[in-house]
> 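Structure incoming, see below.
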Amino acid sequence: MPTTDTGEAKIHYQDVGAGKDVIVLLHAFPLHSGMWSRQLAAFSHRYRVIAPDYPGLGKSALRPEPSSMDILAGQVKALLDGLRIDRALVVGLSMGGYLAFELYRRRSALFRGLVLCDTRPGADTPEGAAGRETFARNAVEKGLHWVADEMTPKLLRPSPDPAVVREVRALIGQGTPAGVAAAQRGMARRIDSTPTLATITCPTLVVVGEEDSLTPPVEAEKMVGLVKGARLVRIPGAGHLPNMEAPAAFDKALLDFANGLSK
Ligand code: MLT
């Protein structure tokens with residue numbers, strides 16, 4: 001499992017497949033690159049797939065400050081620069097979508113295409129940001145078991161597959177309480193990306209689980225209306241993590257889109 005030192009902290013990332021076209025997978029909170037295990041296997045036959053972990057989640061080193069989208073975008077950019085990757089299809093799910101917006105603002109030339117999954121462009125309300133601070137403190141005080149109890153039901157469809165429940169809990173358990181807190185505080189600081197949507201010129205696909213209660217399909221529909229030429233795919237039988245709950249439909253949507261870019 002490679003790591004890279006971006007100058008300030010070591011980032012762990014997965015790097016599989018050897019195709020000339022690259023897909024970058026940006027994970028959700030409070031998980032890590034392991035949430036993409038099915039996609040890493042399914043896409044690597046044709047593409048090189050890179051999936052980093054954010055600080056203090058998965059195997060990436062913790063940093064002392066909040067994991068702001070600014071810091072994360074700097075890390076991803078440094079990682080890709082180090083690998084000499086200057087074009088990629090960028091896929092961001094939820095927090096990964098927030099990060100993709102920041103990356104787009106910094107380096108739109110990187111994007112061969114963009115896939116926004118189960119995410120939203122807006123910033124937090126003051127109440128939402130305060131709720132994240134409370135969550136961050138609880139995570140540090142009560143630990144990852146508490147984080148898994150809080151988050152797992154929200155991430156999955158109302159009647160989830162028990163095996164996926166176990167998998168999500170295990171992924172959360174592989175982080176650190178401080179990494180979870182840093183991610184919450186970083187998300188609380190994110191800016192409103194709604195104006196960014198109108199600046200996106202690369203081919204864009206929006207994907208949403210039909211049973212997503214955190215970022216419901218209505219959010220996805222709004223985004224599609226604001227990104228020129230964007231298409232929407234709704235994934236039945238999935239909540240906030242369609243890549244884990246309905247991987248066949250999710251992978252097909254992504255591969256159809258990615259293969260279309262390669263023509
Ligand atoms: C995620 O899945 O990344 C989170 O639900 C995002 C958030 O808390 O806003």
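Computed from heavy atoms alone, side chains included, the values below leave out hydrogens, waters and symmetry copies. Counting starts at 1 for both ligands and their atoms, following the listed order.
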> To which protein heavy atom is atom 8 (O) of ligand 1 closest, and what is the distance rounded to 0.1 Å?
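The answer is Arg132 NH1, 2.9 Å.
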
> Heavy-atom contact under 4.0 Å between Gln184 and ligand 1?
no

> Keeping Arg120 on the side-chain end and Leu214 on the backbone end, is there a donor-acceptor pair under 3.5 Å?
yes

> Heavy-atom distances under 4.0 Å decide this one: backbone, side chain, both or neither, for Lys154 against ligand 1?
neither

> Measure the spacing between CE of Met187 and CE of Met69 and express it to the nearest 0.5 Å.
6.5 Å

> As an exercise, identify every atom of ligand 1 less than 4.0 angstrom from a heavy atom of Leu214.
5 (O)

> Of all the non-hydrogen atoms in the protein, which one sits nearest to atom 9 (O) of ligand 1, and at what distance?
Tyr98 OH, 2.6 Å

> Do the side-chain N and O atoms of Ser33 and Asp53 include a donor-acceptor pair separated by under 3.5 angstrom?
yes

> Look at the side chain of Arg189 and the backbone N and O of Gly186, then say whether any donor-acceptor pair between them is shorter than 3.5 Å.
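Side chain of Arg189 to backbone of Gly186, a donor-acceptor pair under 3.5 Å: no, none is there.
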
> Using a strict 4.0 Å cut-off to heavy atoms of Ser94, name the atoms of ligand 1 that fall inside it.
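With Ser94 as reference, the close atoms of ligand 1 come out as 1 (C), 2 (O), 3 (O), 4 (C), 5 (O), 6 (C).
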
> Given Thr199 and Arg105, is the side chain to side chain donor-acceptor pair (under 3.5 Å) satisfied, shown in steps?
CA-CA 9 Å; Thr199 71; Arg105 283 190 286 274; over 6 Å; no

> CE/Met151 to CG/Leu144 distance, rounded to the nearest 0.5 angstrom?
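Rounded to the nearest 0.5 Å, the CE-CG separation comes to 12.5 Å.
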
> Heavy-atom contacts with Met95 under 4.0 Å: which atoms of ligand 1 show up? List them by number with element.
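Going through ligand 1 atom by atom, the ones under 4.0 Å from Met95 are 1 (C), 3 (O).
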
> Please report whether ligand 1 has a polar contact with Phe29, defined as an N or O pair separated by less than 3.5 Å (distance criterion only).
yes

